[in-house]
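Below: the structure, in C-alpha cells.
Numbers here are sequence positions counted from 1.
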Amino acid sequence: MRAWNRARLLWAYLRGHSRLSGLPVEHIVETTAKCNLYCPMCPRETHKQPKEDMTAAVFDRLVEESGRSAEHMMLIGLGEPFLDPLIFDRIERCARHGISTLLSTNGTLLDETASARLLDSPIEHVTLSFDGATKESFEFYRKGARFEAVRDNFVRFARMKAARKSKVQIVVQMVRMQRNAGEAGEFLRFWSSVPGVDQVRIKEDETNLMRPGAGHQASDWKHPCHYLWRGPLYVKHNGDVYPCCQSYMLGGAPVGRIGEQPLVRIWNSEEMQRMRRLHAEGRAGEIGVCSRCCTVIPHPALVVGSLLLHGRIVRSLLPVIERLVYFSRLPARLLRPPGQRVPERED
C-alpha cells in the first residue's frame, strides 16, 4: 500500500499534477508548543506559542487517517518533545500503525531515566540538536542551556545506545550560522568519535530570522518543491495543517484542520492545488511564502529517489547527501540554497 502510494505521488510530481491520488509520505507533527529555551534563530521568537500540547484526539485522528500511507512522522515542531507528557504514548501509537518516528531534542531533559525510556520505546531516529562546538557559540544560540550539561546528556545517551546494541539511529545536528560556521570541522571530529552516534549533520539555517533578506530568487524555481507532492505536511499542536513547516514560519495560512476536514481533502484543498500549479509552471516565486523560503530546493533526481525509497531510508540518507553537497563532493545544483531575495509579488 505504501509503495503504491509513493508511486502515485511520483507520477503526479513528474507530470505536474495539482490534484493527487496519494497522501503524504511524511508529516511533521508538533505534539507540544511548550519549550524551555530561548533561541534567537527560532520562530518562537516571532510567533508566540501557547503552553499547550496536542490533544490525544487530534493526534489519534491524524494517525488513523494517514496510517496506510504515512511512512515517517517527525514528532517535532516549535516545542521540546520531552515537555509533552504523552510523547512516549504517541511513539507507541505510530509504531502500531507501522509508522516510523523521529524525535529531535535540545537535550536539557535527556537525563539517564529519560534516555533509558526512549531506548526502550520503538523510536527509530533521534536527532540531538547541538548548535556549536564551543561553549560560547552553543550558549549564544541555546540560551537557558548549559554547554557541558547538554553535551554530557547526549554523550551518555549515545553510549547507552551503543551498550544496548540498540538499532535506533542517532544523528547529532548543528545548524550552521554565522557564529558557529567555523566550528564545523571540530564539531564533526568530536561527535564522530562518540560511540553510538551514527551520523553527524551540519544543517543549513532554514529560518530567515538571523538573515531577513534571505530567500529564493524567482529564477531559482526551475523545479517544483517536493514538499507539495511528497510532504512533510506540518501539523500544529492545535490541528492546523500547513503545506510545510516553512509556510507556517513565514506567516502563511493553514490549509485545513485535523478533525474538521478529512486529511485527503486538506491535501487536495484549493490552496494546495494552486501552489502545485504555480510550482509546476515555474512560477513559485509568485507565492509569498515560497519567495521568502530559506529551504534548499532539491534537484528532481533527489525527489524521485525520495519517492522510490521508504521514508525511513530517505531520512537516514539525508545527512549524507547534505554533507556531500556542502563539502563540494557532489554538484551544488542537487541542493539549491537560497540567496539574497529580490522582493516578489505577494499572494
Legend entry - Closest non-hydrogen atom pair, Thr101 against Pro122: OG1-O, 4.3 Å
Inset, instruction - Could you label the plane-to-plane angle of the Trp11 and His17 rings as parallel, tilted or perpendicular, counting under 30° as parallel and over 60° as perpendicular? - result: perpendicular
Inset, instruction - Could you tell me whether a side-chain N or O of Tyr141 sits under 3.5 Å from a main-chain N or O of Arg179, the two making a donor and an acceptor? - result: yes
Legend entry - Val172 side chain near Val194 side chain, heavy-atom distance below 4.5 Å: no
Inset, instruction - Decide salt bridge (Lys or Arg N to Asp or Glu O under 4.0 Å) for Glu286 and Arg283; before the verdict, give the C-alpha distance in whole Å, the side-chain angles of both, and the deciding distance to 0.1 Å. - result: CA-CA 6 Å; Glu286 296 179 20; Arg283 298 164 55 200; 3.0 Å; yes
Legend entry - Rounded distance (nearest 0.5 Å) linking atom CE of Met54 with atom NE2 of His237: 8.5 Å
Inset, instruction - State, yes or no, whether a side-chain contact exists between Ile28 and Glu30 at a heavy-atom distance under 4.5 Å. - result: no
Legend entry - Under 3.5 Å donor-acceptor, Thr46 side chain and Pro43 backbone: yes
Inset, instruction - List the atom of Val25, the atom of Leu307, and the distance in Å for their closest heavy-atom pair. - result: CG2-CD2, 4.1 Å
Legend entry - Check ion pair Lys161-Asp198 (N to O, under 4.0 angstrom): yes
Inset, instruction - Flag the pair Glu64 and Arg61 as a salt bridge only when some basic side-chain nitrogen lies within less than 4.0 angstrom of an acidic carboxylate oxygen. - result: no
Inset, instruction - Go through the steps for Leu102 and Glu124 under the test side chain to side chain contact (heavy atoms under 4.5 Å, CB included), then give the verdict. - result: CA-CA 6 Å; Leu102 174 150; Glu124 295 190 21; over 6 Å; no
Inset, instruction - Please report the closest heavy-atom contact between Gly132 and Ser137, naming both atoms and the distance. - result: CA-CB, 4.3 Å
Legend entry - Trace of the side chain to side chain contact (heavy atoms under 4.5 Å, CB included) decision for Thr127 with Thr105: CA-CA 7 Å; Thr127 295; Thr105 177; over 6 Å; no
Legend entry - Test item: Arg276 side-chain N/O and Ser18 main-chain N/O as donor-acceptor pair under 3.5 Å: yes
Inset, instruction - May I ask you to test the Asp240-Val235 pair for a side-chain heavy-atom distance under 4.5 Å? - result: no
Inset, instruction - Taking ring-ring contact (aromatic ring centres under 6.0 Å, His included) as the test, write out the residues that go with Trp229, two or more places apart. - result: Tyr13
Legend entry - Qualifying side chain to side chain donor-acceptor pair (under 3.5 Å) pairs with a residue from residues 109-122, counting only residues at least two apart or across chains: Asp120-Arg164
Legend entry - Minimum side-chain heavy-atom gap Met73-Ser100 below 4.5 Å: no
Inset, instruction - Please confirm whether the backbone N or O of Phe82 pairs with a side-chain atom of Glu80, one donor and one acceptor, at under 3.5 Å? - result: yes
Legend entry - Pairs meeting criterion salt bridge (charged side-chain N to carboxylate O under 4.0 Å, His left out) with involvement of residues 67-76, two or more places apart: Arg6-Glu71
Inset, instruction - Report the C-alpha distance between Leu128 and Leu110 in whole Å, list the side-chain angles of each, state the deciding distance to 0.1 Å, and finish with yes or no for side chain to side chain contact (heavy atoms under 4.5 Å, CB included). - result: CA-CA 10 Å; Leu128 307 177; Leu110 191 62; 4.2 Å; yes
Inset, instruction - Classify the ring geometry between Trp191 and Phe154 as parallel (under 30°), tilted (30 to 60°) or perpendicular (over 60°). - result: perpendicular
Legend entry - Ala70 versus Ile99, closest heavy-atom pair with distance: O-CG1, 3.7 Å
Inset, instruction - With sequence neighbours excluded, tell me which residues meet ring-ring contact (aromatic ring centres under 6.0 Å, His included) with Phe190. - result: none
Legend entry - Heavy-atom closest pair, residues Thr108 and Ala145: CG2-CB, 3.9 Å
Legend entry - Contacts of type side-chain hydrogen bond (donor to acceptor under 3.5 Å, both in side chains), residue Asp84, not counting sequence neighbours: Thr31, Arg90
Inset, instruction - Look at the side chain of Glu65 and the backbone N and O of Leu263, then say whether any donor-acceptor pair between them is shorter than 3.5 Å. - result: yes
Legend entry - Donor-acceptor contact present, side-chain Arg292 to main-chain Leu250, <3.5 Å: yes
Inset, instruction - Indicate, with yes or no, if Leu308 and Leu9 share a hydrophobic cluster defined by side-chain heavy-atom contacts under 4.5 Å among Ile, Leu, Val, Met, Phe, Trp and Tyr. - result: yes
Inset, instruction - Answer whether the closest heavy-atom distance between the side chains of Leu23 and Ser66 falls below 4.5 Å. - result: no
Legend entry - Main-chain N/O of Val175 paired with Asn180 side-chain donor or acceptor, under 3.5 Å: yes
Inset, instruction - Take atom NZ of Lys143 as the centre, draw a 6.0 Å sphere, and report whether it contains more than 12 heavy atoms from other residues, nucleotides or ligands. - result: yes
Inset, instruction - Please check if Leu14 and Leu278 belong to a single hydrophobic cluster, counting links between Ile, Leu, Val, Met, Phe, Trp and Tyr side chain heavy atoms closer than 4.5 Å. - result: yes
Inset, instruction - Look at the side chain of Arg44 and the backbone N and O of Gln49, then say whether any donor-acceptor pair between them is shorter than 3.5 Å. - result: no
Legend entry - Set of residues satisfying side-chain hydrogen bond (donor to acceptor under 3.5 Å, both in side chains) with respect to Asp53, sequence neighbours excluded: Thr32, Lys34
Legend entry - Charged N-O contact under 4.0 Å between Arg176 and Asp205: no
Inset, instruction - Taking the side chain as every heavy atom from C-beta outward, state whether Val171 and Val126 have any atom pair closer than 4.5 Å. - result: no
Inset, instruction - Sort and list the pairs that fulfil ring-ring contact (aromatic ring centres under 6.0 Å, His included) and have at least one residue in residues 161-181, not counting sequence neighbours. - result: none
Legend entry - Interatomic distance, Ser69 atom OG to Asn5 atom CG [nearest 0.5 angstrom]: 5.0 Å
Legend entry - Any side-chain heavy-atom pair of Cys42 and Leu78 under 4.5 Å: yes
Inset, instruction - If a pair satisfies ring-ring contact (aromatic ring centres under 6.0 Å, His included) and one of its residues is in residues 33-58, list it, with sequence neighbours excluded. - result: His47-Tyr248
Legend entry - Contact list for residues 184-197, test salt bridge (charged side-chain N to carboxylate O under 4.0 Å, His left out), sequence neighbours left out: none
Inset, instruction - Check side-chain hydrogen bond (donor to acceptor under 3.5 Å, both in side chains) between Glu270 and all other residues, then give those that pass, not counting sequence neighbours. - result: none
Inset, instruction - Would you confirm whether Gln261, through its side chain, and Arg257, through its main-chain N or O, come within 3.5 Å as a donor-acceptor pair? - result: yes
Legend entry - Partner set under ring-ring contact (aromatic ring centres under 6.0 Å, His included) for His72, not counting sequence neighbours: none
Legend entry - Side chain Glu183, main chain Ala133, donor-acceptor under 3.5 Å: yes
Inset, instruction - For residues Gly77 and Tyr234, report the shortest heavy-atom separation together with the two atoms involved. - result: CA-OH, 3.8 Å
Legend entry - Co-membership, hydrophobic cluster, residues Leu62 and Leu86, 4.5 Å side-chain: no
Inset, instruction - Would you kindly confirm whether Met177 and Leu37 end up in one hydrophobic cluster when ILVMFWY residues are joined by side chain heavy atoms under 4.5 Å apart? - result: no
Inset, instruction - For Arg230, enumerate each residue passing the side-chain hydrogen bond (donor to acceptor under 3.5 Å, both in side chains) test, keeping only those at least two apart in sequence or located in another chain. - result: Glu26, Ser306
Inset, instruction - Please tell me if the side chains of Phe59 and Leu75 come closer than 4.5 Å, counting only heavy atoms from C-beta onward. - result: yes
Inset, instruction - Using the rule that two of Ile, Leu, Val, Met, Phe, Trp, Tyr join whenever any of their side-chain heavy atoms come within less than 4.5 Å, decide whether Tyr227 and Ile266 are in one cluster. - result: no
Legend entry - Asn153 side chain to Arg156 side chain, donor-acceptor N/O pair below 3.5 angstrom: yes
